[in-house]
Protein chains: 2
Amino acid sequence: MPEKKRYRIGDLVQEFDATPRTLRYYEELGLLNPERRGNQRYYSERDRVRLRLILRGRRLGFSLEEIAKMLSLYDQDKTGKTQIREVLKMGEKKLQEIEAQIEELKALKAEIEERAAELRKLLEEQDA
Amino acid sequence: MPEKKRYRIGDLVQEFDATPRTLRYYEELGLLNPERRGNQRYYSERDRVRLRLILRGRRLGFSLEEIAKMLSLYDQDKTGKTQIREVLKMGEKKLQEIEAQIEELKALKAEIEERAAELRKLLEEQDA
DNA sequence: CTGGCACTTGACGTTTACGTAAAGGTGATA
DNA sequence: TATCACCTTTACGTAAACGTCAAGTGCCAG
């Protein structure tokens with residue numbers, strides 16, 4: 001039996017520097033499924049993992065809808081092989097997008113570096 | 001004299017797969033400064049370069065406000081050395097953010113690849 | 001001169017991703 | 001038992017980044 005640790009909303013809020021509203025919103029969208037004791041939310045380790053991926057995705061500019069698709073890789077209710085294969089296919093697509101995004105970031109980086117070099121040169125010339 | 005080519009809004013819209021509204025909005029924010037002949041817009045090569053960077057930034061999840069800062073690297077009205085140094089400093093900061101983002105993308109990529117591998121294993125087991 | 005197409009300026013609408021009260025429930029602790 | 005921090009739902013508000021009309025302008029081909 002792996003530990004069945006539960007987290008309260010404030011715990012995750014602190015750990016990930018988020019807000020309660022955000023977590024509740026993600027739940028509303030079905031991205032998180034905390035257990036309820038009374039009317040209080042108790043998040044599982046699985047929720048925590050998903051939250052980490054969600055927030056990472058957000059920082060990288062993905063929409064919650066896109067992130068939802070990525071998370072379907074982690075859904076356990078995959079009944080048949082067809083289902084799994086579909087999810088895998090989508091995952092491959094997302095991976096390609098991510099790779100493309102890395103390339104674009106490198107291009108942006110190069111562009112900015114080049115421009116910075118020009119500016120530094122301009123600075124030196126002004127010293128004359 | 002470098003060529004002084006001008007582009008109409010439709011040209012850039014086509015080239016970059018954007019909409020006129022988007023270009024006008026960027027102008028409203030001061031990100032683009034097309035010349036006016038009558039009330040028609042004529043974009044310079046410089047506008048075109050800036051537009052490319054803006055759209056690239058958007059695809060990568062940067063806000064227009066952040067992009068505006070990056071574009072300040074390309075503003076030519078930098079009067080003094082202090083100005084230039086400031087802009088350069090900001091550029092360095094942005095570069096660091098970009099590098100961090102690349103690292104996070106790699107992490108996300110690894111995460112998804114790992115999960116995909118698990119799913120493929122699950123598929124094979126079902127073949128038994 | 002007349003289509004017709006590309007362009008213009010408002011101005012209100014929309015989506016996403018939450019923020020922000022208001023009003024109240026819960027549970028460990030003094 | 002009262003207090004206090006932490007939690008809850010409901011609901012309206014908001015910022016960013018455009019979308020989407022409506023109504024008019026500029027200009028070239030026929």
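Chain letters run A, B, ... following the sequence lines, proteins first, then strands; residues in each count from 1.
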Rounded to the nearest angstrom, tell me the gap between atom [atom1] in [X] and atom [atom2] in [N].
X     : N      : atom1 : atom2 : answer
A/L31 : C/dT16 : CG    : P     : 13 Å
A/L12 : D/dC7  : CG    : P     : 10 Å
B/E65 : D/dA17 : CD    : C1'   : 13 Å
B/Y42 : C/dC7  : OH    : P     : 9 Å
B/E28 : C/dG10 : CD    : P     : 10 Å
B/Y26 : D/dG19 : OH    : P     : 9 Å
A/L29 : C/dT16 : CG    : C1'   : 10 Å
A/R41 : D/dT8  : CZ    : C1'   : 7 Å

For B/K81, look at atom NZ and say whether over 12 heavy atoms of other residues, nucleotides or ligands are found less than 6.0 Å away.
->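 For B/K81, atom NZ is crowded (more than 12 foreign heavy atoms under 6.0 Å).
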
Over 12 foreign heavy atoms within 6.0 Å of CD, A/Q14 =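 Counting neighbours around CD of A/Q14, 12 or fewer heavy atoms of other residues, nucleotides or ligands fall under 6.0 Å, so no.
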
Mind checking whether A/E111 and B/R52 have side chains closer than 4.5 Å, heavy atoms only?
->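 In short, these two side chains touch, coming nearer than 4.5 Å.
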
Do B/L123 and A/L88 come within less than 4.5 Å of each other through their side chains, counting heavy atoms only?
->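 With C-beta onward as the side chain, the pair touches.
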
Stepwise, does the salt bridge (charged side-chain N to carboxylate O under 4.0 Å, His left out) test hold for A/K89 with A/E92?
-> CA-CA 5 Å; A/K89 202 172 152 193; A/E92 295 296 343; over 6 Å; no

Report the nucleotide, chosen from C/dT8, D/dA17, D/dT8, that has the shortest atom-to-atom distance to any side-chain atom of B/I9.
->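 Per side-chain heavy atoms of B/I9, the pick is C/dT8.
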
Taking for each residue the nucleotide of DNA chain C bearing the nearest heavy atom, is the 5' side occupied by A/N39 or by A/Y25?
->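 Closer to the 5' end of DNA chain C: A/Y25.
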
Just N and O in the side chain of [X]: are any of them under 4.0 Å from OP1 or OP2 of [N]?
X     : N      : answer
B/T19 : D/dC18 : no
B/T22 : D/dG19 : yes
A/R36 : D/dC7  : no

Polar side-chain contact B/R21-D/dT20 base: donor and acceptor under 3.5 Å =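 Under the 3.5 Å cut-off, the side chain and the base do form a donor-acceptor pair.
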
First encountered from the 5' end of DNA chain D, between B/Q40 and A/R8 |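 This one resolves to A/R8.
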
Which part of the nucleic acid does [X] contact within heavy-atom distance under 4.0 Å: base, sugar-phosphate only, or nothing?
X     : answer
A/R24 : base
A/R37 : nothing
B/G10 : sugar-phosphate

